[in-house]
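Here is the structure we will look at, set down as structure tokens.
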2 protein chains.
Amino acid sequence: MDKTGISMTDTPRSGRSSEATREKLTRAAAELIAELGWGRVTTRAVAERAGVPHGAVSYHFRGKQELLIESCLAAFAQAVPFEEYAAKATLDDVVGLIGSEIDHGLHRDAVLGRLMFEAIREAERDEGLRERMGAMVTEYRKVLVAVVRAEQERGAISATISAEGVATLVTAIGDGLFLHALLDPDLDVSEALGTLRVLLATR
Amino acid sequence: MDKTGISMTDTPRSGRSSEATREKLTRAAAELIAELGWGRVTTRAVAERAGVPHGAVSYHFRGKQELLIESCLAAFAQAVPFEEYAAKATLDDVVGLIGSEIDHGLHRDAVLGRLMFEAIREAERDEGLRERMGAMVTEYRKVLVAVVRAEQERGAISATISAEGVATLVTAIGDGLFLHALLDPDLDVSEALGTLRVLLATR
DNA sequence: ACACGAGTTGGCCATCTGGACAAGTCAAAT
DNA sequence: ATTTGACTTGTCCAGATGGCCAACTCGTGT
């Protein structure tokens, strides 16, 4: 059939059944980054959790770093709910979405939030990762700006406030609150978000 | 004689000249945690940067983890400007302080902010570290609550808003903004903080 | 039947890592 | 002067780690 078909990206040429192994590896890697932290992940541990021999890593990826980067970017691309945010017409809904994501992320087995922090930290050490992560967050913020602008046109938020400023604030609050909630499970996230709603309401 | 050289209080008995070596080690460890991430720090790298032989680590600390934990807690205890915050009578001043700390933290050689994130992530894996870090953040938030209450009595902030909620929000915004600024150096932090000031102003 | 080659598997190795420890240093106490 | 013990220093070791690669499997095209 086709041999030249799928590849063109990088790594060894991607064949047919190899896709399954690659995905097992990236899934396992994402979990382990979230659990152990980027620097403590070993290729052997990833292979073991994926249920494949450790030699498979060398075949499917150029090395450990490429495996880890592809793993977290794949996890984000698949999981970040841009559409959900864009569909929300009101900031109130967005704040609610943040709250439920924090709640969900506090479960022990939740990977995405923790993976996010590890990736951001690693991005400072890896040029390519930083660019890709930065583009993602920028897009996220852009969606929020659109939501804020819509609110301002509705008159729900004062038109004199910077939409970009609000978007940046809300984005930062989401991550900051999650971080602090990880540290202190008793932190009253919903009270903070309730306060945020009040502050954002028209004056 | 003593084998691991451990008293029951903590680490070896604290002598006189050993304090210098210990401090060289903790300083070097804090730097390396911030630069490489918690999981990639090695005792040898710490010793080398500290300019002491690598065996010194085993003598002065029970092991790598104790060295790292003591290093970051010492760095925080010495650097977190509780007094500065407590002295600020207005939230406006506090927001300004956050801004300048973010600006300062964005420099490559700035350790504290990066160390903070590494410590929070590690706190999820280390019970003792979590408790100590949580206590620190809680105290920080408590100071902010006092500031907010003072503002409310002055009438600068509506008395109907939850002071705890505002304190939690502001704390989270500080860390969240710093995190995003690390990822995207072009992020307009001051615009976001300006917007925050507007939102916090009396209505 | 046969060769081909993508994909798989497990073994190998140079290097690193954390921790242990014996021997050495030195100043204060005796 | 000698002893004592905190502190230092270099070495050693068992285990892990990342990457490499030769042998193997198996579906496909000839």
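Heavy atoms only: backbone and side chains are in, while hydrogens, waters and symmetry mates are out. First the proteins, then the strands, lettered A, B, ... as listed; each starts at 1.
Ring pair A/Phe117/B/Phe117: centre-to-centre distance not below 6.0 Å.
Counting only heavy atoms from C-beta on, A/Ser18 has its side chain closest to C/dT8 among D/dG19, D/dC7, C/dT8. Of the candidates C/dT17, C/dG19, D/dG18, the closest approach to any side-chain atom of B/Ser58 belongs to C/dG19.
As rounded to whole Å, 11 Å separates atom P of D/dT8 from atom CZ of B/Arg22. The distance from atom CD of A/Glu48 to atom P of D/dG18 is 13 Å, rounded to the nearest whole Å. The interatomic distance linking B/Phe61 (CZ) with D/dT8 (P) rounds to 11 Å, in whole Å. Nucleotide D/dT17 holds its C1' atom 14 Å from the CG atom of A/Leu68, rounded to whole Å. Atom pair B/Glu23:CD and D/dT8:P shows a separation of 13 Å (rounding to whole Å applied). When the P atom of C/dC16 is taken as reference, atom CZ of A/Arg40 falls 21 Å away, rounded to whole Å. The CH2 atom of A/Trp38 sits 14 Å away from the P atom of D/dG18 (whole-angstrom rounding). When the C1' atom of C/dG19 is taken as reference, atom CD of B/Glu66 falls 14 Å away, rounded to whole Å.
Geometrically, A/Arg22 engages A/Phe61 in a cation-pi contact defined by less than 6.0 Å to the ring centre and at most 45° from the axis.
Classification of B/Glu118 and B/Arg121 as a salt-bridged pair fails, no side-chain N sitting under 4.0 Å from a carboxylate O.
For the 3.5 Å distance criterion, the side chains of B/Ser162 and A/Glu191 qualify, holding a donor opposite an acceptor. Judged by distance alone, the side chains of A/Asp93 and A/Thr90 do bring a donor and an acceptor atom under 3.5 Å apart.
Within the 4.0 Å cut-off from OP1 or OP2 of D/dT8, at least one side-chain nitrogen or oxygen of B/His60 is found. Within the 4.0 Å cut-off from OP1 or OP2 of C/dT8, at least one side-chain nitrogen or oxygen of A/Thr21 is found.
Within the 3.5 Å criterion, the main-chain N or O of A/Ala34 finds no donor-acceptor partner in the side chain of A/Arg114.
The shortest heavy-atom contact between B/Ala47 and B/Leu25 is CA-CD2, 4.1 Å.
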Atom pairs under 3.5 Å: protein N/O with N/O of nucleotides 9-12 of chain C:
| from | atom 1 | to | atom 2 | distance (Å) |
| --- | --- | --- | --- | --- |
| C/dG11 | O6 | A/His54 | NE2 | 2.8 |
| C/dC12 | N4 | A/Arg44 | NH2 | 3.3 |

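Residue-level contact check: B/Val41 touches the backbone only, with heavy atoms under 4.0 Å from sugar-phosphate atoms and none from bases.
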